[in-house]
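This one's a predicted model, so the numbers in the text were calculated from it and none came from an experiment.
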Amino acid sequence: MNYSEEQHEAIDLGTDKSKRLVGITGPAGTGKTTIIGEMIHSGEFNMPALVAPTGRAAKRIQEATGIPAKTIHRFMRYSMPADDEEAGFPSYDKQNRFPHDAIFVDESSMVSEELYRALVDAMPPRACIRFIGDANQLPPVESISPFVKLLEKWPSIRLTKNFRSGDGIVTAANQIIANRVPEPNEKFRMLNPGNGNILPALDEFVDDTFRGLNGQVITPTRVGKYGTQQLNNYFQQRLNPSGPRIAIRVNDEEIRKFREGDKIIQTKNDYKLNVFNGEIGWVVAIEDDDIIISIDDRDIRLPPHMESYDPYTNKTIGHYDPRRNLDLAYAVTTHKAQGSEFDRVVILIQRSYVLNRANFYTAVTRAKEQCTVICGPGALHQALKK
């Protein structure tokens, strides 16, 4: 395969075993996935491992490279927490190093300080880690990205050559990075329907196919008039208005209602059920208090009570309701969509404290074939300037 000069430099840097930590970044279309595959297949490493922050991101990079990938939590063999307020702990650490000589971390902009530290601490002597990602994307939730700091401190390279220059979505994304209003093209369009016409504008572009994995509505926030909570209720009534329904109390403030046929997203890693944060599927049946979901062609039964256990010691550490880890997924936040790709994306941006250029850019780059942006008053200005 013919690589550009900067791609050769990235591959040479990434396969240089004298460099313990290396960062590789670049915007959409610069060939990061290709470079990951080349580095792993180079033969320079005896036991390389490929990981990503979320289940969806791990699945995507595995499909793109053909190389088995795990979530970082699964790779590090994190124990499940005893309750939602406690953090689990990795089995690999300074005293018990992982057995691999090279770790390749995809979607590194999503990696939190905690996961970054855990990975580095568990490195055996002479092992190396390669962090690959797009520094223009959102940082971890409520955290400064250690990936950005790594790019400044450790050997790194920034890819600039766009191999998808004819791709309208990549073109629009690069204009956003440059703080320019993205121009409409065959794959990218923007509408300013006015405050009273937001839902009719959504209805024009969101059809029944958005109940599947190929179409996705994305918005920056969960709360507010056009946050995911309200939009999911709206689309549930519009796209799946009838059939058996069950109400699940998530906490004192929130009750989630699911129907058979609803599009859903898993919101936390569940090792016992082998489902992970960010994975999207459907409710296939509601039987008494049980919810049966389909994710990755697997039917999974979620009863109201399950034992929580450490997957590596098999010791029970408590009980939990796995149904609380579901949410409707007709609309998801940009953070939840990060690491995933969809053929068609409809983005709704409204002025909010979380809307900024990184959020806008990340949402746009989730689309592969068609991206439609619906702008509330003043939202585009905020998305580009903040």
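A donor-acceptor pair is defined here as one N or O able to donate and one able to accept, closer than 3.5 Å; such a pair exists between the side chain of Asn233 and the backbone of Gln229. Not a single donor-acceptor pair under 3.5 Å links the side chain of Arg56 to the backbone N or O of Ile280. Not one N or O on the side chain of Lys161 forms a donor-acceptor pair closer than 3.5 Å with the backbone of Ser4. Gln62 places a side-chain N or O within donor-acceptor distance of the main-chain N or O of Ala69, the cut-off being under 3.5 Å. Ser108 contributes a side-chain N or O that, together with a main-chain N or O of Ile132, makes up a donor-acceptor pair within less than 3.5 Å. The closest donor-acceptor contact from the side chain of Asp16 to the backbone of Ser18 lies under 3.5 Å. Of the possible donor and acceptor atoms, none in the side chain of Arg256 sits under 3.5 Å from a partner among the backbone N and O of Arg249. Side-chain N or O atoms of Asn197 include one that pairs as donor or acceptor with a backbone N or O of Pro193 at under 3.5 Å. With hydrogens and angles ignored, the 3.5 Å screen pairs a side-chain donor or acceptor of Lys32 with a backbone N or O of Gly26. The main-chain N or O of Asp93 is never found under 3.5 Å from a side-chain atom of Asp121 such that the two would form a donor-acceptor pair.
Gln338 and Gln137 are linked by a side-chain donor-acceptor pair at a separation below 3.5 angstrom, with hydrogens and angles left out of the test. For the residue pair Glu6 / Thr160, a side-chain donor-acceptor distance below 3.5 Å is found, with atom types taken as modelled.
Under the ring pair (Phe, Tyr, Trp, His ring centres under 6.0 Å) rule, Phe131 has a single partner from Phe147, Trp154, Tyr116, which is Tyr116.
With contacts defined as side-chain heavy-atom distances shorter than 4.5 Å, the pair Ile293/Glu279 does not qualify. Within the 4.5 Å cutoff, the side chain of Arg189 has no heavy atoms near those of the Val373 side chain. Between Leu199 and Tyr226, the closest side-chain pair of non-hydrogen atoms falls below 4.5 Å. In this structure, the side chains of Lys153 and Leu21 stay at 4.5 Å or more apart for every pair of heavy atoms. With a 4.5 Å cut-off on side-chain heavy atoms, Val345 and Glu369 do not count as touching. The closest side-chain heavy-atom distance from Arg60 to Asp106 is below 4.5 Å. Side-chain contact between Asp290 and Pro304: present, with at least one pair of heavy atoms (C-beta onward) separated by less than 4.5 Å.
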Determine all donor-acceptor pairs shorter than 3.5 Å in which one atom belongs to a side chain in residues 35-53; sequence neighbours excluded.
residue	atom	partner	partner atom	Å
Glu38	OE1	Tyr3	OH	2.9
Ser42	OG	Met39	O	2.7
Ser42	OG	Glu44	N	3.2

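For Arg222 and Glu254, the salt-bridge test passes: some basic side-chain N is under 4.0 Å from an acidic carboxylate O. Salt bridge status for Asp321 with Arg323: present, with a side-chain N to carboxylate O gap under 4.0 Å. Taking 4.0 Å as the cut-off between side-chain N and carboxylate O, Lys368 and Asp167 do not count as a salt-bridged pair. Taking a cutoff of 4.0 Å between a charged side-chain nitrogen and a carboxylate oxygen, Arg301 and Glu287 qualify as a salt bridge. Between Arg211 and Asp262, no side-chain nitrogen of the basic residue sits less than 4.0 Å from a carboxylate oxygen of the acidic one, so the salt-bridge criterion is not met.
Closest of all the heavy-atom pairs between Val354 and Lys386 is N-NZ, 4.3 Å. Contact detail for Ile246 and Asp288: the closest heavy-atom pair is CD1-O, 3.9 Å.
How far SG of Cys128 is from CG of Asp101: 6.5 Å, rounded to the nearest 0.5 Å.
Figure legend: Arg77 and Tyr92 shown as a cation-pi pair, the cationic atom lying under 6.0 angstrom from the six-membered ring centre and within 45 degrees of its axis.
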